[in-house]
Amino acid sequence: MAQISLTFPDGNAREFDAGVTPAEVASAIATSLGKKAISATVNGTHWDLQWPITEDASIAINTMKDEEPALELIRHDLAHVMARAVQEIWPDVKVTIGPVIQNGWYYDFDREEPFTPEDLGEIEKKMKDIINRRDPVTTETWDRPRAIAHYEANNEPYKVELIDAIPGDEPLRMYWHGHWQDLCRGPHLQHTGQLPGDAFKLMSVAGAYWRGDSDRAMLQRIYGVAFRNRDGLKAHLHMLEQAALRDHRKLGREMNLFHMQEEAPGQIFWHPDGWRIYTTLQDYMRRKQYAGGYVEVNTPQVVDRKLWVESGHWDKYQEHMFIVEVDEEHAREKSINALKPMNCPCHVQVYNQGLKSYRDLPLRMAEFGSCNRYEPSGALHGIMRVRGFTQDDAHIFCTAEQIEDETAKFIELLASIYSDFGFDKFDIKLSTRPEKRVGTEESWDQVEAALENAIKKTGQAYEIDPGEGAFYGPKLDFKLTDAIGRVWQCGTFQVDPNLPERLGATYVGEDGAKHRPYMLHRATLGSFERFIGILIENSAGKLPFWLAPRQVVVASIVSDGDDLVHEVVGALKDVGVWAEADTRNEKINYKVREHSLAKVPVILAIGGREVENRTVTVRRLGQKQTTTVSLDEIVADLAIEARPPDQKQS
RNA sequence: GCUGCUGUAGCUCAGGGGUAGAGCACUCCCUUGGUAAGGGAGAGGUCCGGAGUUCGAAUCUCCGCAGCAGCACCA
């Protein structure tokens, strides 16, 4: 038999018969390694212990100590074990697919009866049972007709469909966990006993469309999470609890920021404390945009259908628009309008008033544009995904030559804004020309190059997403990462020659002829509503002082302090700090607890000693120790602290 | 929009075919207390909406509405 040479991670090589399996290699090294082995990495590919190796290769034997392959195998094998458990309990359930996902796996089933939470417990028990059986995992390669015949005989139509979708030249691999069989690419563990029976949990069951297609059957998906050991699972569950504590819907209620109700689904009733965040944010954005060379406009909410037909929205976007029909008394027919879902067509109307010269470009037109979109009910989520919202929108009208410069300017503005909120790092995605597109290859070349050069000029990291651009132009997406590692797409930048064309925007060039401007759609925060939701979750409600809806509570310890409390509140208000008096008949312990839970960043306490010395005792949120300072000093300090980041120096 | 679950006091939740429950919050009284809950009393509900079953429905059934999770959607 031919010999092959396998090279180990330490650089040593050893000869084996061609066709040797990693299981045999591991056992040849040490019997104990043969037992501990879970998989191999062969030439960088994750390799089942049973797959033969036929050529010279590099090889590493993986054990549970190797985190990445271990988690992959645990989650993947658990998906199979779960499917097996389900079919052992309910033999008529049809299996489909069950991939590994972040932190765990899911498996989709076709079953008439819905799975209940109690069922999950039962499945989990059965899974532990299967793990305890230490069933061997074995594999075989089948030819197509045999596999299809097998699944047809077993009434598993989804598997047949999956086989049809696998490219013809790929071998079909079958895996057995004990007697239970599944079509699977692998790799897998040696036996079910290698699975950590105490480090997984079935989390939830939910509907999911077969092959992600909403026109096809709705299956039942069971989600599970798994780790290498019990501590990993515990840490994950703890993390989920922490994330739930940050939920902006919960904090919004607790902090009395806003509410929503049945009569206006997907729309927000802002309470005073929430609206203060909103207006502070909007004031800040207005200053940043003004400094960035933007002009601000405001355009109508209710606009006649005619404009939406011209812009193309009536055709493509109608199902997402709120349509308003008005029966005017003397009109021959009803007037049909729509609430604007976007601002761009209105901005072109402003642009089109009067003749524009090339000297007017670039024209950066901003609007805090109040938009309404009829989002599908299932998409609504707190204040993050709503039907009524306000974008920090702007459209830059410019020439082709100006695109690169305008892109770079925008990225710089965006970076400066994000860093003011503590998001120092963000990712840029450049989406390029899709299959179906309009415009010449040259213009795509030019515009894509302009965007890429602009990003390079700013030195920001980026990646390219080929084919994901709009049909008329490429775009940039900006994603920031929050305090607990979640990624949010907020900023966007899109090159559009199409809408100026449709709505007839022109400018007079140096040559005296009319030309078509480009339109750059751009937003930094996305929508104020969603961005506030992100800020709340990012900070767990403890917003930075300048954005905190309640900045200072001045609390009396004894009623003899009440007069000074009111004096301090007045002094703070005079310098622009939001201060409230708490002279209620309660003990200081009670007041401190209540305002701390309400996430008020600064509590100033005033008792007999403070009255005597005209001082206040300062307690900061999250700190136990207090300091006593003079009234003048604290007012001056907090006045500076309350300034928005763009007004810090000066 | 689809699948499943949920809807009881301002909030968090228990209950469950026969007059509606708790804790916190709220109001009043006592208490002037030094940094995360001082004591007492009181008020508060169309049990999401509608229809049905029943002598009787908050409870069971059906139809809506809204919320939650996931999927699909986010031109």
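Predicted model, so just to flag it, every value in this text is computed and none were measured. In the text below, chain A, chain B and the rest are named by the order of the sequence lines, each starting its count at 1. Atoms considered below: every heavy atom in the structure, side chains included; atoms not considered: hydrogens, waters and symmetry mates.
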Is [X] touching bases, backbone alone, or none of the nucleic acid, heavy atoms closer than 4.0 Å?
X       : value
R249(A) : sugar-phosphate
H313(A) : base
R385(A) : base
K624(A) : sugar-phosphate
Y590(A) : sugar-phosphate
Y223(A) : sugar-phosphate

Taking [M] as the reference, what is the distance to [N] when you measure between their [atom1] atoms (whole Å, please)?
N      : M      : atom1 : answer
A36(B) : C28(B) : C1'   : 26 Å
G45(B) : G21(B) : P     : 14 Å
U46(B) : G4(B)  : C1'   : 29 Å
G18(B) : C73(B) : P     : 48 Å
U32(B) : C47(B) : P     : 44 Å
U27(B) : G10(B) : C1'   : 14 Å
A25(B) : C11(B) : C1'   : 7 Å
G44(B) : A22(B) : C1'   : 14 Å

Listing, residues 618-625 of chain A side-chain donor-acceptor contacts under 3.5 Å, not counting sequence neighbours, or none:
{"unit_1": "R620(A)", "atom_1": "NH1", "unit_2": "E641(A)", "atom_2": "OE1", "d": "3.2"}
{"unit_1": "R620(A)", "atom_1": "NH1", "unit_2": "E641(A)", "atom_2": "OE2", "d": "2.7"}
{"unit_1": "R620(A)", "atom_1": "NH2", "unit_2": "E641(A)", "atom_2": "OE1", "d": "3.0"}

Report yes or no: is the cationic atom of [X] (NZ for Lys, CZ for Arg) closer than 6.0 Å to the six-membered ring centre of [Y], at no more than 45° off its axis?
X       : Y       : result
R305(A) : W314(A) : yes
R522(A) : F410(A) : no
R221(A) : Y107(A) : no

**Report entry** Minimum-distance pair of heavy atoms, taken over all atoms of V611(A) and G561(A)
**Finding:** CG2-CA, 3.7 Å

Rounded to whole Å, please give me the gap between [atom1] in [X] and [atom2] in [N].
X       : N      : atom1 : atom2 : value
H320(A) : C74(B) : NE2   : P     : 6 Å
M384(A) : G67(B) : CE    : P     : 16 Å
N372(A) : C74(B) : CG    : C1'   : 16 Å

Strictly by Watson-Crick or wobble contacts shorter than 3.5 Å, is anything paired with [N], and which nucleotide is it?
N      : answer
A43(B) : none
G18(B) : C55(B)
A9(B)  : none
C2(B)  : G70(B)
C62(B) : G50(B)
U35(B) : none

**Report entry** Steps toward side-chain hydrogen bond (donor to acceptor under 3.5 Å, both in side chains) verdict (K340(A), T299(A))
**Finding:** CA-CA 10 Å; K340(A) 70 173 168 189; T299(A) 61; 2.8 Å; yes

Query raised in the report: For R373(A) and C73(B), is the shortest distance between a side-chain N/O and OP1 or OP2 below 4.0 Å?
Result: no

Query raised in the report: Quick one: is A69(B) close enough that its OP1 or OP2 comes under 4.0 Å of any side-chain N or O from H381(A)?
Result: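 Yes, H381(A) has a side-chain N/O under 4.0 Å of OP1/OP2 on A69(B).
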
Query raised in the report: Would you say the side chain of R211(A) and the base of C71(B) hold a donor-acceptor pair, judged only by whether the two atoms sit under 3.5 Å apart?
Result: no

Query raised in the report: Less than 3.5 Å between a donor and an acceptor, one on the side chain of S559(A) and one on the base of U32(B), is that the case here?
Result: yes

Requested in this report: Would you mind telling me which of F389(A), F528(A), F258(A) makes a ring-ring contact (aromatic ring centres under 6.0 Å, His included) with W270(A)?
Outcome: F258(A)

Does this structure show an ion pair linking [X] with [Y], if we count only N-O contacts that are shorter than 4.0 Å?
X       : Y       : answer
E254(A) : K250(A) : yes
K429(A) : D477(A) : yes
R373(A) : E319(A) : no

Please produce a list of atom pairs where a protein N or O lies less than 3.5 Å from an N or O of nucleotides 1-8 of chain B.
{"unit_1": "G1(B)", "atom_1": "OP2", "unit_2": "S377(A)", "atom_2": "OG", "d": "2.7"}
{"unit_1": "G1(B)", "atom_1": "N7", "unit_2": "G378(A)", "atom_2": "N", "d": "3.0"}
{"unit_1": "G1(B)", "atom_1": "N2", "unit_2": "Y209(A)", "atom_2": "OH", "d": "2.5"}
{"unit_1": "C2(B)", "atom_1": "O4'", "unit_2": "Y209(A)", "atom_2": "OH", "d": "3.3"}
{"unit_1": "U3(B)", "atom_1": "O2", "unit_2": "G207(A)", "atom_2": "N", "d": "3.4"}

Report task. Scan residues 607-622 of chain A against RNA chain B and write down, sorted by residue number, each residue with any heavy atom closer than 4.0 Å; if none is found, say none. Result -> G607(A), G608(A), R609(A), E610(A), T617(A), R619(A)

Query raised in the report: Stepwise, does the ring-ring contact (aromatic ring centres under 6.0 Å, His included) test hold for F227(A) with H236(A)?
Result: CA-CA 9 Å; F227(A) 298 87; H236(A) 177 73; 5.0 Å; yes

Requested in this report: Would you sort out whether F115(A) and F109(A) count as a ring-ring contact (aromatic ring centres under 6.0 Å, His included), showing the intermediate values?
Outcome: CA-CA 10 Å; F115(A) 289 111; F109(A) 300 96; 5.8 Å; yes

Report task. Tell me which nucleotide among A66(B), U35(B), A69(B) gets nearest to the side chain of S204(A). Result -> A69(B)

